[in-house]
*Asks:* 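First the structure, which I've put down as structure tokens, then a few questions once you've had a look.
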Amino acid sequence: MTRLTIRRPSDLHVHFRDGDVLRHVVPFTAQAFARAIVMPNLSPPVTTAAMALAYRTRIMDAVPASTDFTPMMTCYLTDHTDASDLLAGHRDGIFAAAKLYPAHATTNSSHGVSAIDRIHDVLGAMQEAGLPLLVHGELTRPDIDIFDRERGFIEEVLVPTLERFPRLRVVMEHITTEDGAKAAVAFGDRVAATITPQHLLFNRNALFQGGLRPHMYCLPILKREKHRLALRRAAVSGRPNYFLGTDTAPHLRHLKEADCGCAGVFSAPVAVEAYLRVFEEEDALDRFEAFASLNGAAFYGFDPPAETVTYVRASRTVEASVPVGDAGALVPLFAGEDIAWSLQSG
Ligand code: NCD
Ligand code: ZN
């Protein structure tokens with residue numbers, strides 16, 4: 001196949017940040033995707049409907065003219081989340097979901113939930129309203145090996161929560177293990193999972209390829225090859241429980257290339273093309289539209305766009321870096337390398 005036409009895809013897990021970085025990264029996502037689920041881990045986090053509304057306005061101000069793009073906002077859950085504000089924000093069309101960051105799991109998560117029972121009231125209200133819970137599924141106890149954090153979270157937190165709230169709808173964000181792929185299909189259609197391009201393309205060796213590779217460092221961390229293979233089988237399976245969410249997570253170069261570098265892979269400039277490499281290698285391009293454009297829309301309950309886009313098998317060189325004014329630069333996934341697919345313009 002040398003060209004692929006699909007309904008315009010949606011990226012159901014992005015970090016846009018704020019300020020200068022936001023202005024420079026939003027156009028990449030808005031060009032390639034009809035919609036995005038926007039993560040709320042700003043500093044301070046987006047914890048109220050009023051904050052989300054203001055943030056949505058700042059995002060829309062960064063969308064290039066004549067680009068059709070809809071950001072879908074999320075609420076950052078804390079031990080003190082006000083369920084009535086959350087549900088009012090949902091009824092008003094501001095909140096599409098709420099995000100659980102276990103405290104200290106990842107970037108800007110110090111305000112996260114310290115123990116799941118602290119938010120049982122909120123989860124009960126979300127279950128009644130049909131508002132999806134998005135989870136960063138990692139245990140954060142320091143005694144847990146970093147490569148076992150996802151499995152531990154599924155066993156200790158996720159499964160008991162799904163049993164306690166039998167109608168709660170959950171997206172397991174950025175699954176990285178075979179255990180995650182299995183859990184995403186074990187609860188019928190009320191549980192789903194996003195999968196990033198880097199977890200489909202790389203295993204943990206990529207972190208140490210010829211030396212330490214800060215731009216491959218994200219959380220949850222890259223895993224063993226057997227997990228990568230399980231994620232690839234899941235993504236191309238055509239099952240409605242799996243959909244596209246890049247977890248594009250820009251951090252300025254000097255904050256990644258540092259003695260305590262930030263976690264996050266900036267994939268927005270090359271996201272669809274990176275997934276296409278996976279689906280082509282798996283001989284599953286006919287199932288790409290389901291993963292990229294349809295499954296997530298069905299889960300979140302929006303109509304997939306009527307508009308289509310065409311990707312052609314024409315190589316392009318990915319930008320070596322993306323300048324962010326005086327602040328510095330971002331290094332994208334596949335920086336300076338050739339990628340086989342391109343968006344057909346016009
Ligand atoms: C994300 C970030 O930088 O906000 N980082 C990452 O490595 N994925 C946070 C997250 O999604 O864990
Ligand atoms: Zn993320």
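Just so it is clear, the model here is predicted, and its values are computed rather than measured. For ligands, and for the atoms within them, numbers begin at 1 and follow the listed sequence. Both backbone and side-chain heavy atoms feed into the values below; hydrogens, waters and symmetry mates do not.
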*Asks:* Does E173 put an N, O or S atom under 2.8 Å from the Zn ion (ligand 2)?
*Replies:* no
*Asks:* Is any side-chain N of the basic residue among E128 and R167 closer than 4.0 Å to the acidic one's carboxylate O?
*Replies:* yes
*Asks:* Between H15 and D247, do the side chains contain an N or O donor and an N or O acceptor separated by less than 3.5 Å?
*Replies:* yes
*Asks:* Would you say H13 touches ligand 1, if touching means a heavy atom closer than 4.0 Å?
*Replies:* yes
*Asks:* Out of all atoms in ligand 1, which are within 4.0 Å of some heavy atom of H174? Include the element for each.
*Replies:* 11 (O)
*Asks:* Centroid separation under 6.0 Å, is that true for the rings of H174 and H136?
*Replies:* yes
*Asks:* List every atom of ligand 1 that sits less than 4.0 Å from any heavy atom of R17, numbering the atoms from 1 in the order shown and giving each element.
*Replies:* 2 (C), 3 (O), 4 (O)
*Asks:* Does NZ or CZ of R169 fall inside the cone over F299's six-membered ring, less than 6.0 Å from its centre and within 45° of the axis?
*Replies:* yes
*Asks:* Checking only N/O/S atoms, does H15 have one that is under 2.8 Å from the Zn ion (ligand 2)?
*Replies:* yes
*Asks:* For H111 and Y101, I'd like to know if the aromatic rings sit close, meaning centre-to-centre distance below 6.0 Å.
*Replies:* no
*Asks:* Under a 4.0 angstrom heavy-atom cut-off, which atoms of ligand 1 come close to H136?
*Replies:* 12 (O)
*Asks:* Would you confirm whether T81, through its side chain, and L77, through its main-chain N or O, come within 3.5 Å as a donor-acceptor pair?
*Replies:* no
*Asks:* Does R232 pair with E281 as a salt bridge, N-O distance under 4.0 Å?
*Replies:* yes
*Asks:* What N, O or S atom of D247 is found closest to the Zn ion (ligand 2)?
*Replies:* OD1
*Asks:* For ligand 1, is there an N or O atom under 3.5 Å from any N or O atom of G264?
*Replies:* yes
*Asks:* Measure from the Zn ion (ligand 2) to each N, O or S atom of H13 and report whether any distance is below 2.8 Å.
*Replies:* yes
*Asks:* Does ligand 1 have an atom that lies less than 4.0 angstrom from a heavy atom of M39?
*Replies:* no
